[in-house]
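Values reported hereafter were calculated over all heavy atoms of this structure, with side chains retained and with hydrogens, waters and symmetry mates removed.
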Amino acid sequence: MRRSLLPLIALAGVLISPATAGVGDPSVAALQVALFERGLYPGPIDGASGPRTTSAVRTLQKRARIGVDGVAGPRTRAVLGRSGRPDLGSRAIGPGMTGWDVVGLQYLLAWHGFPSGDFDGVFGGRTEAALLRFQQWAELPVVGWAGAHTLAALHATSPVSAIPLAWPLQLPMSDPFGPRGRRFHAGIDIPASTGTVITASGSGRVAYAGWRDGGWGIQVTIAHRQGVRSIYAHLSRVLVSVGERVRQGQIIGRVGATGDATGPHLHFEVRLRGAAVDPLSALTTPGELAGS
């Protein structure tokens with residue numbers, strides 16, 4: 001049924017707007033994936049055309065014996081073969097497709113809160129599931145194909161938290177929200193000693209408390225107002241129960257290293273109606289929150 005909708009998706013007039021500040025360029029992300037697949041690019045898929053990306057392009061050009069300028073122009077894209085085409089917006093993207101534009105789709109979906117695993121340019125089951133969730137979230141036709149309207153929505157500014165929240169740990173952050181290697185880190189990590197107390201970032205009701213498969217380990221989820229949820233993962237212990245009302249600053253658990261964790265830390269996420277948003281768009285200093 002979804003495949004039969006492809007002819008109905010209009011592509012004429014799709015304009016790819018400049019990348020939102022801080023998000024990076026989906027075309028650069030596609031280039032980085034193509035270079036990574038050839039063993040030329042060792043960095044993260046971050047959509048930023050920095051020295052490592054330029055150096056990898058120059059190495060590719062030298063090997064292909066074409067003009068060496070570090071710019072991925074038409075001749076360089078041709079050397080990349082199928083992974084160097086087609087441009088994002090030149091076709092509707094759906095299940096089973098591969099290529100440059102699929103990477104761009106995966107990259108934009110991740111920045112809008114719907115990561116789908118590795119940035120690999122393959123439209124598989126995880127990419128389809130992420131696209132369906134985004135289309136539902138954005139109140140678009142839930143068809144599982146990325147056409148003009150979906151791409152336009154994905155080029156809009158990434159969502160942010162609708163409410164302010166307090167830091168669950170008063171400690172420095174390590175890994176931020178954004179690309180990490182070939183994947184996307186949908187929250188922030190705050191290293192701390194095992195057993196360090198974690199406090200609720202805002203008032204609300206406990207929606208989940210306990211073990212969660214998929215690498216999360218022991219987790220607490222709190223439902224706040226305006227469709228916002230905060231998630232606390234890799235805990236060593238839960239100190240609240242499902243359905244319990246909690247207040248901002250209340251102790252809800254302790255730091256651990258359960259699930260897929262290489263050491264004790266808190267993995268903290270903020271969701272807006274199901275979309276992962278940068279927690280830094282919500283987190284404030286205690287004084288700022290008190291005056292809100």
Side-chain angles (χ1 to χ4, degrees), residues 1-6 8-11 13-27 29-30 33 45-47 86-162 177-180 182-187 214 221 223 226-231 269-279 281-282:
M1 178 178 178
R2 290 174 187 151
R3 293 181 184 275
S4 67
L5 291 169
L6 177 58
L8 302 178
I9 302 176
L11 288 176
V14 175
L15 298 177
I16 304 304
S17 63
T20 303
V23 171
D25 189 326
S27 292
V33 169
I45 309 303
D46 59 7
D87 288 332
L88 183 63
S90 64
R91 62 175 179 172
I93 313 170
M97 292 183 174
T98 61
W100 181 280
D101 57 348
V102 177
V103 175
L105 173 65
Q106 293 171 330
Y107 187 80
L108 291 174
L109 282 170
W111 272 107
H112 274 75
F114 299 93
S116 58
D118 288 347
F119 298 126
D120 59 7
V122 178
F123 196 123
R126 295 186 68 172
T127 299
E128 181 178 17
L131 176 59
L132 290 169
R133 293 197 305 274
F134 171 73
Q135 289 174 329
Q136 183 178 29
W137 183 89
E139 299 182 345
L140 295 166
V142 183
V143 296
W145 288 84
H149 296 301
T150 295
L151 292 178
L154 284 169
H155 277 88
T157 304
S158 299
V160 297
S161 177
F177 178 90
R180 184 167 67 180
R182 295 191 71 191
R183 288 179 166 249
F184 194 90
H185 190 227
T221 300
Q226 296 190 41
V228 174
R229 291 193 173 205
S230 55
I231 300 173
E269 293 192 15
V270 176
R271 303 282 180 93
L272 176 66
R273 295 187 291 109
V277 303
D278 188 345
S281 71

Which heavy atom in [X] sits nearest to a heavy atom in [Y], and how many Å separate them?
X	Y	value
Ala130	Pro115	CB-O, 4.1 Å
Ala162	Leu272	CB-CD1, 4.0 Å
Val277	Ser161	CG2-N, 3.8 Å
Pro279	Gly187	CG-CA, 4.2 Å

As an exercise, state the distance from [atom1] of [X] to [atom2] of [Y], rounded to the nearest 0.5 Å.
X	Y	atom1	atom2	answer
Leu109	Arg133	CG	CZ	9.0 Å
His155	Leu151	NE2	CG	7.0 Å
Leu105	Trp145	CG	CH2	11.5 Å

| Heavy-atom distance under 4.5 Å between the side chains of Phe114 and Leu131, does that happen here? |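 Result no, sub-4.5 Å side-chain heavy-atom pair not found.
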| query | With a 4.5 Å limit on heavy-atom distance, are the side chains of Pro159 and His112 in contact? | reply |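 Yes, close enough: below the 4.5 Å cut-off.
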| said: Name the residue from Val143, Leu108, Leu140 that meets the side chain to side chain contact (heavy atoms under 4.5 Å, CB included) definition with Thr150. | reply: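 The passing option is Leu140.
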Side chain of [X], backbone of [Y]: donor and acceptor closer than 3.5 Å?
X	Y	answer
Arg229	Ala223	no
Tyr107	Val23	yes
Trp111	Leu154	no

Please list, one pair per line, the donor and acceptor atoms closer than 3.5 Å that link side chains of residues 93-101 to other protein atoms, with sequence neighbours excluded.
residue, atom, partner, partner atom, Å
Asp101, OD1, Arg91, NH2, 3.0
Asp101, OD2, Arg91, NE, 2.7

| Gln226, CD: over 12 other non-hydrogen atoms inside 6.0 angstrom |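 Yes, CD of Gln226 has more than 12 neighbouring heavy atoms, counting only those of other groups under 6.0 Å.
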| message | Pair Arg182, Val33 - check side-chain contact (heavy atoms from CB on, under 4.5 Å), show working. | response | CA-CA 8 Å; Arg182 295 191 71 191; Val33 169; 4.1 Å; yes
| Test item: side-chain donor near acceptor, Gln106 and Thr127, under 3.5 Å |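 Yes.
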